[in-house]
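Below is one structure, written out as structure tokens; comments come after it.
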Number of protein chains: 2
Amino acid sequence: MSANSRQQIIEAAGIIFERYGFKKTTMDDIAYAAGKGKSSLYYYFKNKEEVFEAVVAHEAKQLVAEINRAIDTSHSAVDKLRSYVNIRMKRFVERGNLATALNDNFLATFAFIEKIQNNYRDFEIEMIAGIINEGINRKEFKPIDANFTSEAILTCMIGFEVPLLTKSKTSEESITKINNAIDMFFYGICT
Amino acid sequence: MSANSRQQIIEAAGIIFERYGFKKTTMDDIAYAAGKGKSSLYYYFKNKEEVFEAVVAHEAKQLVAEINRAIDTSHSAVDKLRSYVNIRMKRFVERGNLATALNDNFLATFAFIEKIQNNYRDFEIEMIAGIINEGINRKEFKPIDANFTSEAILTCMIGFEVPLLTKSKTSEESITKINNAIDMFFYGICT
DNA sequence: TACATTTGGAACAAAATCGTCGAATAAAAC
DNA sequence: GTTTTATTCGACGATTTTGTTCCAAATGTA
């Protein structure tokens, strides 16, 4: 089971899925993009959904890495939270498969997407809660409930996603808006 | 036969075709985007190909209008030719359905696309030849063969399209490059 | 009411698609 | 060089999707 070939397929599939969406992408499309025969895909993946899952997992991993990099370089909790929100929203505006997976109506019907959605939501809440707890320890934030607050922030971000999906505003405009919102959030939180 | 509904369909179809390409766009997609039932489309168009033809014709008309506007505002043949090439390439980089129709491999197999391709090529050659003739009359250009030269210029542009399609460079970069090429062309032509 | 225009639900043949199977080929191990 | 293992692909069946037609219903119009 060559990890190389597998990765090759995942990356090719990522491009095609991003271009056409899950439904309109065929296994033939992916195979062709990966330079393989269709049936070869089934040597590495059980089915189309599993390919998509792998693509999303790959993107999520990259996103996590990117977020961690940004968080590590900023040293106050305020900056960390700001970095987190910025990267998350930028990624979202760029519309990767992860974002699609988390939002596409068609995909919402799939059970496996529900799993991804819930898993990722848990991850995000944990991530944000970690930052908030750090802020509390550093006395940057009031001694609020970290889990409750992180859920609130996440919900707030999701709220911002909705108009992003329907109306196609420029990325900067949207990021500015959510930054303003996050600022408002800060001034309510900070000591 | 409400021209309104027809136009509505053409515009909706344009968006969908641009997003998914001819093959991946279904009549259902178009109908949904136009807010109609699938079978209603057949009241206005004979089949899917005819819808696409109408979309391409619509875009071509817009492109022609845009080119004419630009050409009318520039008063030397050199400027006109430069405007022409710029707008044409800009449009191409933006990848409308016209551009897709002229290049997509899948579409190339269709007879009806061949018709569009040939029609449009003739139109372009005529257009460029007109500018060149004007340049010759104004003594901006040597007394060259206008038809022959315009074919050469068109072929040159098409040559530039190929790497544009495969590698996704930025639009500015490509336009700069072709402008340089056109400049070279000028210095060979100008008196 | 009578007539023309416009719409969409149901039906269907043809095409596309997913996923399987077994054979072919390449790589590795012996 | 032969056996074994890993990988690829063509062909196929079952199922779904899609382009297109037909007709009845709805809507406008005089």
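Chain letters run A, B, ... following the sequence lines, proteins first, then strands; residues in each count from 1.
Not counting sequence neighbours, the partners of B:Gln62 by the side-chain contact (heavy atoms from CB on, under 4.5 Å) test are B:His58. In terms of the ring pair (Phe, Tyr, Trp, His ring centres under 6.0 Å) criterion, residue partners of A:Phe123 (sequence neighbours excluded) are, by chain and number, A:Tyr120. Remark: A:Ala57 engages no residue in a side-chain contact (heavy atoms from CB on, under 4.5 Å) (not counting sequence neighbours). Under the side-chain contact (heavy atoms from CB on, under 4.5 Å) criterion, B:Thr26 pairs with A:Lys24, B:Asp28, B:Asp29, not counting sequence neighbours. Residues passing the salt bridge (charged side-chain N to carboxylate O under 4.0 Å, His left out) test with A:Glu151, sequence neighbours excluded: A:Arg121. The side-chain contact (heavy atoms from CB on, under 4.5 Å) search around A:Asn137 returns none, not counting sequence neighbours. Applying the salt bridge (charged side-chain N to carboxylate O under 4.0 Å, His left out) test to B:Lys36 and every residue at least two apart in sequence or in another chain returns nothing. Partners of B:Glu11 under the side chain to side chain donor-acceptor pair (under 3.5 Å) rule, at least two apart in sequence or in another chain, are B:Gln7.
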Expected rows: protein N/O vs nucleotides 27-30 of chain D N/O, under 3.5 Å:
none

Protein and nucleotides 5-11 of chain C: nitrogen or oxygen contacts under 3.5 angstrom:
from: C:dT6; atom 1: OP1; to: B:Met1; atom 2: N; distance (Å): 3.2
from: C:dT6; atom 1: OP1; to: B:Ser2; atom 2: N; distance (Å): 2.9
from: C:dT6; atom 1: OP2; to: B:Met1; atom 2: N; distance (Å): 2.1
from: C:dT6; atom 1: OP2; to: B:Tyr43; atom 2: OH; distance (Å): 2.9
from: C:dT7; atom 1: OP1; to: B:Lys36; atom 2: NZ; distance (Å): 2.7
from: C:dT7; atom 1: OP2; to: B:Tyr44; atom 2: OH; distance (Å): 2.6
from: C:dG8; atom 1: OP2; to: B:Gly37; atom 2: N; distance (Å): 2.6
from: C:dG8; atom 1: OP2; to: B:Ser40; atom 2: OG; distance (Å): 3.2
from: C:dG8; atom 1: N7; to: B:Ser39; atom 2: OG; distance (Å): 3.3
from: C:dG8; atom 1: N7; to: B:Ser40; atom 2: OG; distance (Å): 3.4
from: C:dG9; atom 1: N7; to: B:Ser39; atom 2: OG; distance (Å): 3.2
from: C:dG9; atom 1: O6; to: B:Ser39; atom 2: OG; distance (Å): 2.5

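Each of A:Lys46 and A:Lys24 has a nearest nucleotide on DNA chain C; the 5'-most of these lies closest to A:Lys24.
Atom OH in A:Tyr32 sits roughly 18 Å away from atom C1' in C:dA16 (whole-Å rounding). The distance from atom CE of B:Met27 to atom P of D:dT17 is 18 Å, rounded to the nearest whole Å. In this structure, the CG atom of A:Asp28 is 7 Å from the P atom of C:dC18, given to the nearest Å. Whole-Å rounding puts the A:Tyr42 OH to D:dG10 P distance at 15 Å.
The rotation axes computed at either terminus of the helix from C:dT1-D:dA30 to C:dC30-D:dG1 lie 30° apart, taking five pairs at each end and rounding to 10 degrees.
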### Query
Given the rule in the side chain to side chain contact (heavy atoms under 4.5 Å, CB included) test, do A:Asn68 and A:Met127 qualify, once you have shown the distances and angles that lead to the verdict?
CA-CA 10 Å; A:Asn68 277 329; A:Met127 196 92 185; 3.1 Å; yes
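Evaluation of the salt bridge (charged side-chain N to carboxylate O under 4.0 Å, His left out) test over residues 67-83 of chain A, restricted to residues two or more places apart or in two chains, returns A:Lys80-A:Glu134, A:Arg82-A:Asp183.
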